[in-house]
Structures are given as structure tokens and as C-alpha cells.
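Below, chains carry the letters A, B, ... as their sequence lines are ordered, and counting in each starts from 1. Since the structure is predicted, the reported quantities are computational estimates derived from the model, not experimental observations. Atom set for the values below is all heavy atoms of this structure, side chains included, hydrogens, waters and symmetry mates excluded.
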Protein chains: 2
Amino acid sequence: MGASKSAGFTEEQNDISQVFKALGHPARIAIIQHLMNIKSCICNDLVGILPLSQATISQHLRELKEAQIIKGTIDGTSVCYCLNSNVFETMINTLHEFKELDQKNTKECC
Amino acid sequence: MGASKSAGFTEEQNDISQVFKALGHPARIAIIQHLMNIKSCICNDLVGILPLSQATISQHLRELKEAQIIKGTIDGTSVCYCLNSNVFETMINTLHEFKELDQKNTKECC
DNA sequence: GATATTTATCGCAATATTACGATATAAATA
DNA sequence: TATTTATATCGTAATATTGCGATAAATATC
């Protein structure tokens with residue numbers, strides 16, 4: 001196989017897992033960390049920072065964009081990328097819900 | 001390729017991405033949600049809940065265990081699984097750091 | 001207009017993931 | 001002891017991901 005059976009799960013389960021999946025690669029975490037520090041948007045700069053080729057970095061940027069974690073604005077020949085400011089907020093909220101639901105349940109654990 | 005170049009990234013980047021990666025599948029989100037609701041640990045129950053075979057569910061449980069998201073305790077013929085209570089806390093903290101770093105930077109975005 | 005610069009995409013190869021049936025292992029029960 | 005129950009693992013197949021070089025596309029600069 002290799003394809004996950006997304007049809008058998010809820011839309012929420014698929015949506016949540018997709019965002020986490022986009023964060024599940026060290027290069028994409030590195031890109032996010034760089035954007036946090038530099039803020040003003042980059043692009044080809046990453047080629048000198050990450051140990052990856054331009055083509056590979058472009059792919060990772062696309063995945064982050066598709067997951068709505070970053071956005072890209074065309075600026076001449078280059079594309080200016082920056083974080084979607086609500087990303088962390090949204091994820092923190094999701095995890096907070098998880099945490100509260102878990103704590104609300106007073107049943108004993110193994 | 002197919003193998004990510006983990007050597008070229010920091011230990012933190014690899015660690016963070018690994019936890020996210022483990023959450024990057026709808027079945028594993030479904031397992032976590034079930035554990036949040038039921039708390040008292042399950043195992044073969046999941047076979048009746050998820051649209052997956054016993055072998056596949058066992059694999060997903062192993063991945064969650066390796067990422068320290070759940071823990072398993074042997075109980076007779078079965079294994080009792082439950083959430084590591086600090087998982088959400090840890091992830092929330094990581095994301096909070098990200099968020100604060102991002103907000104601290106007042107540079108303009110594109 | 002020719003040439004650089006930047007990014008995206010194509011094609012390919014290597015490896016990883018997902019999924020399943022079959023089977024092994026281990027403990028409980030008849 | 002034989003059987004049931006629960007889980008893990010092996011082997012295999014299909015698909016996805018990762019990564020790169022080459023190349024295309026679009027704008028800037030000479």
C-alpha cells in the first residue's frame with residue numbers, strides 16, 4: 001500500500017493529521033524556525049542555510065504552503081515567504097482541547 | 001531518495017519533527033482521540049473502531065509508543081495502552097515558544 | 001534584445017510508509 | 001494439555017516521500 005485510508009476517518013482527523021504531517025520533517029521545522037527569526041521573507045536564502053538543493057527546498061516550501069503554514073507573495077523574480085500568523089494559535093488550541101478532554105476524564109489509567 | 005537528511009539538521013529540529021510526524025496520520029489521531037475519551041486502556045477494541053486490520057493498528061500503536069505519545073502495560077494476554085499525560089503539555093510548550101519568538105520579531109512581513 | 005536571477009516543475013532513483021494476511025508468541029481458560 | 005484470546009512481527013505489495021539534476025518560466029538588469 002502506502003496510501004493511507006483517509007476515507008475511513010473523520011474530516012477532523014484528516015485535517016489535523018495533515019497539518020502535523022507537514023511539520024513532520026526537520027527541513028520544514030528549520031524553515032519555520034528561520035522564518036520566526038528573520039520574519040521579513042526569504043526564499044533563495046534558504047539554499048545557503050539548509051543542506052539541501054534549491055529544488056528540494058522549493059518542494060518543502062510548497063508543502064508548508066499547501067498546509068497553510070506559510071504564505072508566499074511574488075516580489076519581482078523572487079517569492080517572499082512568511083508564516084501565517086495564526087498557525088501556532090490554531091495548533092495550540094487543538095492541543096488544548098485534547099489536553100482538557102484528557103484531563104476531564106477521571107478514569108484510572110494503566 | 002526517500003530518506004530525510006537528518007544529519008544536516010539540529011537535534012532539536014529532528015526531535016520536534018519526529019513527534020509531529022507520529023501525529024501525521026489520521027489513524028493515529030483517531031487512536032489518540034479514543035484514548036482521550038475512554039482513558040482506561042484498550043487494545044483489541046480498536047480493531048472494531050478503526051477501518052484497519054489488527055496488524056496495521058499494532059504498527060500504528062508501535063509508532064505512537066516510539067514517539068512516547070502513548071505507553072503500554074502488559075495485562076495478561078492483552079496490552080493496556082494509554083496516553084502519556086505530559087505529551088500535550090510538551091507540545092503546547094514547544095508551540096508557545098514558536099509563537100512568542102514569532103511575535104517578538106516586529107519586522108514587517110510581505 | 002541578451003543575460004542574469006529566482007523559483008517552480010519534470011523525470012528519475014532510493015528509501016519510507018501504509019496496509020494486509022499469515023504466522024509466531026505468550027498468557028488465560030477450558 | 002489443548003484451546004482460546006490478544007498482540008506482535010514477518011513477508012510482501014502498493015504508494016508516498018525525499019532528494020537531486022536538468023530545465024522551464026518569469027522578471028530584472030545590462
Side-chain angles (χ1 to χ4, degrees), chain A residues 1-9 13-14 17-31 34-35 40-67 70-82 110, chain B residues 1-9 13-14 17-31 34-35 40-67 70-82 110:
Chain A
M1 294 275 141
S4 64
K5 289 178 125 188
S6 56
F9 301 99
Q13 285 158 355
N14 281 301
S17 64
Q18 264 193 326
V19 182
F20 282 131
K21 191 176 185 179
L23 296 171
H25 191 289
R28 296 195 285 271
I29 295 295
I31 290 172
H34 187 72
L35 283 175
S40 68
C41 316
I42 19 102
C43 203
N44 201 35
D45 303 345
L46 290 167
V47 176
I49 294 165
L50 304 184
L52 298 170
S53 73
Q54 184 270 321
T56 304
I57 292 170
S58 184
Q59 272 185 321
H60 283 302
L61 286 169
R62 184 175 55 190
E63 279 178 79
L64 287 171
K65 204 165 72 178
E66 276 171 1
I70 63 173
K71 57 183 171 181
T73 309
I74 296 171
D75 175 28
T77 59
S78 62
V79 176
C80 175
Y81 284 105
C82 46
C110 48
Chain B
M1 295 274 142
S4 63
K5 290 177 126 188
S6 57
F9 301 99
Q13 284 158 355
N14 280 302
S17 64
Q18 264 194 325
V19 182
F20 282 132
K21 191 175 184 179
L23 296 171
H25 192 288
R28 297 196 283 272
I29 295 295
I31 290 171
H34 188 71
L35 284 175
S40 67
C41 317
I42 20 100
C43 204
N44 203 36
D45 304 343
L46 290 168
V47 176
I49 293 165
L50 304 184
L52 298 170
S53 73
Q54 184 270 320
T56 304
I57 292 170
S58 184
Q59 271 185 323
H60 283 302
L61 287 168
R62 184 175 53 189
E63 279 179 78
L64 287 171
K65 204 165 73 178
E66 276 171 0
I70 63 172
K71 57 184 171 180
T73 311
I74 295 170
D75 175 29
T77 58
S78 61
V79 176
C80 177
Y81 283 106
C82 45
C110 49

Name each donor-acceptor pair under 3.5 Å that joins a side chain in residues 73-80 of chain A to protein atoms two or more places apart or in another chain, with its distance.
| unit_1 | atom_1 | unit_2 | atom_2 | d |
| --- | --- | --- | --- | --- |
| A:S78 | OG | A:D75 | O | 3.1 |

*Starting at NE2 of B:H34, measure out to CG of B:L46 and round the result to the nearest 0.5 Å.*
5.5 Å

*When the distance from CG of A:L46 to C1' of C:dT5 is rounded to whole Å, what number comes out?*
16 Å

*Given that A:A3 and A:V47 both sit by DNA chain C, which one's nearest nucleotide is further toward the 5' end?*
A:V47

*asked:* side-chain contact (heavy atoms from CB on, under 4.5 Å), that's the test. Do A:Y81 and A:L64 meet it? Break it down for me.
replied: CA-CA 10 Å; A:Y81 284 105; A:L64 287 171; over 6 Å; no

*Euclidean distance, atom NZ of residue B:K5 to atom C1' of C:dA16 [Å, nearest integer]*: 17 Å

_C:dA30 pairs with, by Watson-Crick or G-U criteria that keep both distances under 3.5 Å_ = D:dT1

*Rounded off to whole Å, could you give me the CG-to-P distance for the B:L52 and C:dT17 pair?*
17 Å

*What's the CG-P distance between B:L50 and C:dT18, to the nearest Å?*
14 Å

_Filter on side chain to side chain donor-acceptor pair (under 3.5 Å), then keep only pairs touching residues 17-31 of chain A, sequence neighbours left out; what's left?_
A:R28-A:H60, A:R28-A:E63

*Just by modelled atom types, is the A:G72 backbone N or O under 3.5 Å from a matching donor or acceptor in the A:K65 side chain?*
no

*For the student: nearest non-hydrogen atoms of A:L50 and A:A27, plus distance*: CD1-O, 4.2 Å

*asked:* With a 4.0 Å cutoff (strictly under), does any side-chain N or O of A:Y81 reach OP1 or OP2 of C:dT6?
replied: no

*Taking only N and O in the side chain of A:S53, is any of them less than 4.0 Å away from OP1 or OP2 of D:dC20?*
yes

*So which one's nearest nucleotide on DNA chain D is more toward 5', B:K65 or B:F9?*
B:K65

*asked:* Do B:L52 and A:F9 have side chains that approach each other closer than 4.5 Å (heavy atoms only, starting at C-beta)?
replied: yes

_Residue-level proximity of residues 54-64 of chain B to DNA chain D when a heavy atom falls under 4.0 Å_ = B:Q54, B:A55, B:S58, B:R62

Filtered N/O pairs between nucleotides 27-29 of chain C and protein, under 3.5 Å:
none

_Spacing of A:L61 atom CG and A:I70 atom CD1 [to the nearest 0.5 Å]_ = 5.0 Å

*asked:* Could you measure the distance from the CG atom of A:L23 to the CG atom of B:L23? Nearest 0.5 Å is fine.
replied: 10.0 Å

_If the condition is side chain to side chain donor-acceptor pair (under 3.5 Å), which residues does A:S53 pass it with, not counting sequence neighbours?_
A:T56

_Can you pull out the residues from residues 18-25 of chain B that lie within a 4.0 Å heavy-atom distance of DNA chain C?_
B:K21, B:H25

